[in-house]
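To start, the structure itself, in structure tokens.
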Amino acid sequence: RGLLDNMQRLRMSRPTAVNLFRAMDELGELVTAEADKDGATGEAVIDAVVAAAEKMLEDDLAANRSMGRHGADLVQRLAPDRPQLRLLTHCNTGALATSGHGTALGVVRELHARGVLEHIYCTETRPYNQGARLTAFEIVEEGMPGTLVTDSMAAFLMHTRGVDAVVVGADRITANGDTANKIGTMSLAIACKHFGIPMIIVAPTTTLDPKLPTGKSILIEERRAEELTSVAGVKIAPDAIGVWNPAFDVTPATLITNIVTEFGVIHPVEKPDGVMFEVPRFMHEHGVLQLPEEALATGGAYYPPDYTKMDEHRLRAYLAATPRLASLLSSPAEEWSIREVGDGNLNLVFIVSGGEGGGVVVVKQALPYVRCVGEQWPLSLERASFEHAALLEQRRWCPEHVPEVYHFDKPNALMAMRFIEPPHLILRKGFITGMQYPSLASHVAEFLAQTLFHTSSLHLPSPEFRTAVSRWSRNTSLCALTEQVVFSEPYMEASNNRWTTPQLDDFARGVREDVPLRLAAAALKEHFLHSTEALIHADLHTGSVMATSETTFVIDPEFAFYGPMGFDIGAFLGNVLLAYFSQGGHSNGDAYAASLLELFQQTWTLFRARFQALWTASAGRQGPSYIAGVFSTAASVQEAQGPYMDRLMDASLGFAGCKMIRRIVGIAHVEDLESIQDADARSTCEKRALLLARSLVLQSAQGGMDLEAVVAEAQGLYSTPPGDLAWP
């Protein structure tokens, strides 16, 4: 378990470098397999990991030497009239960064060994100076003719002294050839384009990431401001200056001449939308990746080998060949009605109806990208496995509010489950049309209390709890997506952000420039990142609930992981508040709006009572938190519950505020507001919601929130005239 925890910590250290993730995946699978063997010991597991790591080292060195040869051959071919070659490199890609030879610097070493290296220039690579500290050291130690320059001198160097090629490494290369590397690489590529100098990327195939179509999907690590404001511990910049310090940039494929790997050179190809590199096809041809024909037809960027994207024809054949599902539908396959009805952000959703007398099932298939954005924003298909597991766990504790799963197919990321029949309706749509839900507060409170309590350390014994935390921590891609779109992008300039413009321009700017708000949101993000209180749904908005006046079902838990309980509670409460404020643009009347605010208040009140009741029951006190031996009396339990639930309410309302902000100025909005056609009316509703959201986030940081006061504040904002709404 310690090995897996340390691997997870390593993953978090370098989000941009794909090699690290691939190595951790391989070693993680090895640890699990070795630990599951009969008679397994800790020593045996460690020995297996050490042996695998040593094999990785051996393979990497062989790959480095091969890249050196392929790269040297390429540079000499690109400069046939230059018997002696001048090269420029950036950052460190030598023996100190690899297993002992290097990638881009390995090419330089090979040219030097051939006697054709006239000079190698290396940039200092600000702000961390890897070029000055490491590459310059290796050049001197190898006895190569070399010169150190600052990053900003590179273009003038090309202009005055001449450079035959620029060779650099890579941290991640996407399917089209876009390349993430040390900050400053893109500037070199632009200068190379201007002067007609080859820009060559040298990287092993472990750096190739065919799951990412383009560089837009690469998460860029940002580093501490002190790296820019100080040198060797001496401050050189004023305290008040802002700092932006990305550790990497992404060079577009159109600026790259070639990509060198241990298997040879990847050459660019002309496509209708410009030059690109068919990275997945190259990997397929060299046996690194096996792709189906469909993937090869699209450049191989998006579809794993065993995955078939469903349409009506394929799904019909698939269901007919799956006995349990064919039996549920009962009638002949040709009589089935199949409709794709997915209107969410991520997945395909089909309703399949048998013929006369037949059954109905819902089939949900995860796509390997964000559906509402397109293939330029990929997502791991592993989320389907987490959704399936979450549904099983949630149904275990709350079967009356979670649909039954009939079938799960991991390779195809496909799940078939109960069709939640009419008159059930997506809750968000019900709120828009003014439907009443008298049982909703108690049902949602019951779902939250049962699923959160029974997966927490209040209930689970310590070994089970820690095992569960480790298992669910692997749902990394959707956690990263939440971190990005909920806690980061709304508070910064981001291309994904959108809002009602120009009416909300000042409010969107206010969100980005509001320092206390940003700090409070950052604290909530820290809570989201580091808290492992319970298995949470993690996307519990009003589009994830289907209800009638008498029954309620919670669906779509693909974001599930062990996180803060308040994130689930806050997600639902925040969406109810959005529905409340949207009523100003609908025709359901003030009385209906008031009922939504009552729903907001009732949900928390009923949840608190039910959660505490589960906690108080003797059968529910199995976990290591607040153990019966320490809290042995009813009074002592109540003393523990009060502060615990107060803290949980503070966190829940803070998360509610974050969810509201992101649904108004972030990438994905809500139909409650978007369906208001009049932009002025819509923006008035949005301004009121944003002002309450800001208040919730700020109050959460202070603690001691009062639910009655929040309700009163919401009522006051709801009736505030449009002309009086201004960002503080």
Side-chain angles (χ1 to χ4, degrees), residues 397-398 401 440-460 465 520 523-524 526-528 530-538 540 554 562-577 597-628 630-659 695-714:
W397 298 113
C398 196
H401 298 308
L440 181 62
S442 62
H443 290 173
V444 173
E446 180 71 10
F447 171 83
L448 287 168
Q450 291 286 357
T451 58
L452 297 179
F453 176 80
H454 285 107
T455 59
S456 76
S457 59
L458 291 166
H459 173 75
L460 291 177
F465 175 75
L524 286 162
E526 286 295 293
H527 189 29
F528 179 86
H530 300 295
S531 174
T532 55
E533 292 174 340
L535 177 62
I536 65 173
H537 181 288
L540 188 54
V554 177
Y562 259 73
M565 297 183 193
F567 191 74
D568 266 6
I569 303 163
F572 182 77
L573 295 180
N575 273 260
V576 172
L577 288 172
L597 203 54
E598 184 179 357
L599 169 66
F600 164 81
Q601 192 169 12
Q602 282 184 343
T603 301
W604 168 259
T605 303
L606 293 172
F607 163 77
R608 179 170 185 148
R610 186 69 178 112
F611 190 92
Q612 289 184 185
L614 291 170
W615 182 345
T616 301
S618 59
R621 299 177 63 194
Q622 303 173 27
S625 294
Y626 302 94
I627 60 174
V630 177
F631 297 88
S632 56
T633 66
S636 64
V637 171
Q638 290 176 0
E639 288 170 358
Q641 288 177 344
Y644 185 100
M645 300 306 293
D646 289 344
R647 290 193 301 270
L648 181 53
M649 185 179 74
D650 289 341
S652 300
L653 293 175
F655 284 128
C658 286
K659 296 287 274 187
S695 178
L696 293 178
V697 174
L698 293 176
Q699 289 183 65
S700 175
Q702 299 165 3
M705 297 182 72
D706 183 312
L707 197 63
E708 294 285 351
V710 171
V711 170
E713 185 176 4

Give me the ring orientation class for His459 and Phe453: parallel if the planes are under 30° apart, tilted from 30 to 60°, perpendicular past 60°.
tilted
Among Ile536, Leu452, Thr603, which one satisfies side chain to side chain contact (heavy atoms under 4.5 Å, CB included) with Ile569?
Leu452
Using salt bridge (charged side-chain N to carboxylate O under 4.0 Å, His left out) as the criterion, list what pairs up with Asp706, not counting sequence neighbours.
none
Who passes side chain to side chain donor-acceptor pair (under 3.5 Å) against His443, sequence neighbours left out?
Thr552
Is there a side-chain contact between Tyr644 and Leu458 in this structure, where contact means two heavy atoms from C-beta onward sitting under 4.5 Å apart?
yes
Flag the pair Leu653 / Ser700 as yes when at least one side-chain heavy-atom distance between them is below 4.5 Å, and no otherwise.
no
Side-chain heavy-atom pair Leu573, Phe655 within 4.5 angstrom cut-off:
no
Check the orientation of Phe611 and Phe607. Use parallel for under 30°, tilted for 30 to 60°, and perpendicular for over 60°.
tilted
Side-chain touch Leu648/Arg608, heavy atoms, less than 4.5 angstrom:
no
For the ring pair Phe567 and His527, is the centre-to-centre distance below 6.0 Å?
no
If you measure from CH2 on Trp604 to CG on Leu448, what distance do you get to the nearest 0.5 Å?
10.0 Å
Going through the checks in order, is the side-chain hydrogen bond (donor to acceptor under 3.5 Å, both in side chains) test met by Gln638 and Gln612?
CA-CA 9 Å; Gln638 290 176 0; Gln612 289 184 185; over 6 Å; no
Yes or no on side-chain contact (heavy atoms from CB on, under 4.5 Å) for Leu707 and Met649, after CA distance, side-chain angles and deciding distance?
CA-CA 9 Å; Leu707 197 63; Met649 185 179 74; 4.2 Å; yes
What is the ring orientation for Tyr562 with Phe465, classed by angle as parallel under 30°, tilted 30 to 60°, or perpendicular over 60°?
perpendicular
